[in-house]
Amino acid sequence: MNCADKIANTKPLPRDFYERNTVEVAKDLLGCYIVHYTEYGIVAGMIVETEAYLQNDPACHASRGMTTRNRVMFGPPGHAYVYFIYGMYYCFNAVTNSCGIGEAVLIRALEPVCGISFMQKQRNKQKLTNLCSGPAKLVQAMGISKAHNGTDLTLPPLCIYPKHHSVNIVTTTRIGIKKGAELPLRFYIKDNKFVSKI
DNA sequence: AGAGCGATGGCCT
DNA sequence: GGCCATCGCTCTA
């Protein structure tokens with residue numbers, strides 16, 4: 001697909017898309033497009049894997065109340081929550097549910113769609129399935145940084161566009177956590193080769 | 001293909 | 001001081 005043309009025909013997902021049950025948003029984001037308008041040009045990927053983090057969920061950063069780190073999760077829905085992890089990586093979330101409720105959807109993998117040479121340069125990797133197949137990988141590939149923490153996902157330069165096709169969803173437990181590990185809160189597109197892990 | 005592990009720093013107890 | 005929503009390298013098969 002000529003991604004720039006396709007994306008230009010749609011508007012970003014509106015605020016009320018995000019202001020809903022977080023599990024529903026996590027599932028509905030599969031197949032949607034994250035778009036970053038950079039100096040280089042449009043960089044975009046289709047969301048193929050997500051995880052829901054709920055306020056009453058021990059794995060959720062917001063489960064023990066608001067801190068300077070997680071305050072964006074409690075703010076208005078439809079904003080980016082970007083956090084620093086393991087001393088060298090960032091992960092990207094979309095804030096969901098109403099103001100005052102600390103919930104979000106972690107984006108775990110994308111299928112590269114637009115700006116692939118930019119992604120390859122960012123990642124210093126060539127193989128398409130190794131550009132966005134993990135939460136920290138896709139942040140690096142898309143040129144997302146901590147400066148995007150708290151930005152509005154309904155407006156450029158970083159926003160999410162609706163899906164073009166319906167998708168088949170597989171539900172599993174989440175990856176890389178100890179607390180809340182048994183909860184079925186990970187979702188991915190069935191048979192998509194760009195997911196981080198089956 | 002899969003297990004083990006080091007890198008690296010902010011946050012929380 | 002220990003934990004952590006990760007990644008990539010190395011070692012073993």
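Proteins get letters first, then strands, A, B, ... in listed order; numbering begins at 1 in each.
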_Classify A/Ala59 by what it touches in the nucleic acid, base, sugar-phosphate, or nothing, heavy-atom distance under 4.0 Å._
base
*Tell me: CE of A/Met66 to P of B/dC11, nearest whole Å?*
16 Å
_Length of the line joining A/Tyr90:OH and B/dA7:C1', which is rounded to integer Å_ = 15 Å
*asked:* In this structure, is the centre-to-centre distance between the rings of A/His61 and A/Tyr83 below 6.0 Å?
replied: yes
*Give DNA chain B the dot-bracket treatment, 5' to 3': Watson-Crick (N1-N3 with N6-O4 or O6-N4) or G-U (N1-O2, O6-N3) under 3.5 Å, [ ] crossing, | other strand.*
|||||||.||||.
*Identify whether any heavy atom of A/Leu106 sits under 4.0 Å from a base atom; if not, whether one sits that close to sugar-phosphate; answer base, sugar-phosphate or nothing.*
base
*If you round to the nearest 0.5 Å, how far is SG of A/Cys60 from CD of A/Gln55?*
7.0 Å
*Could you say whether A/Lys178 or A/Pro135 is positioned toward the 5' end of DNA chain C, judged by the nucleotide with the nearest heavy atom to each?*
A/Lys178
*Within the pair A/Thr67 and B/dC12, is there a side-chain N or O less than 4.0 Å away from OP1 or OP2?*
yes
*Using the heavy-atom set of chain A and a strict 4.0 Å cut-off, write down the first and last nucleotide of DNA chain C that makes it in, 5' to 3'.*
C/dC4 to C/dG8
*Answer yes or no: is there a donor N or O on one side and an acceptor on the other, between the side chain of A/Arg123 and the main chain of A/Leu131, under 3.5 Å?*
yes
_So, applying side chain to side chain contact (heavy atoms under 4.5 Å, CB included) with A/Ile34, which one of A/Leu153, A/Ile107, A/Val113 is it?_
A/Ile107
*Assign A/Arg123 to base, sugar-phosphate, or nothing according to its heavy-atom contacts below 4.0 angstrom with the strands shown.*
sugar-phosphate
_Short N-O contact, A/Arg20 and A/Asp28, less than 4.0 angstrom_ = yes
*For the pair A/Glu51 and A/Arg108, find out whether any cationic side-chain nitrogen is under 4.0 Å from an anionic carboxylate oxygen.*
yes
*asked:* Using the ring centroid of each side chain, check whether A/His164 and A/Tyr33 are separated by less than 6.0 Å.
replied: yes
*Of A/Thr22, A/Leu183, A/Asn21, A/Ile101, which is the lone residue that meets side chain to side chain contact (heavy atoms under 4.5 Å, CB included) with A/Leu54?*
A/Thr22
Nucleotide N/O of nucleotides 8-10 of chain B paired with protein N/O under 3.5 Å:
unit_1	atom_1	unit_2	atom_2	d
B/dT8	O2	A/Tyr86	O	2.3
B/dG9	N3	A/Gly87	N	3.4

*Pick base, sugar-phosphate or nothing for A/Lys146, based on heavy-atom distances below 4.0 Å to the nucleic acid.*
nothing
*Any donor-acceptor N/O pair, A/Asn149 side chain to A/Lys146 backbone, under 3.5 Å*: no
*asked:* Does A/Asp152 form a salt bridge (charged side-chain N to carboxylate O under 4.0 Å, His left out) with A/Arg15? I'd like the steps, not just the answer.
replied: CA-CA 9 Å; A/Asp152 188 341; A/Arg15 182 103 38 232; 2.9 Å; yes
*Within the side chain of A/Asn97, is there an N or O that forms a donor-acceptor pair under 3.5 Å with the backbone of A/Pro77?*
no
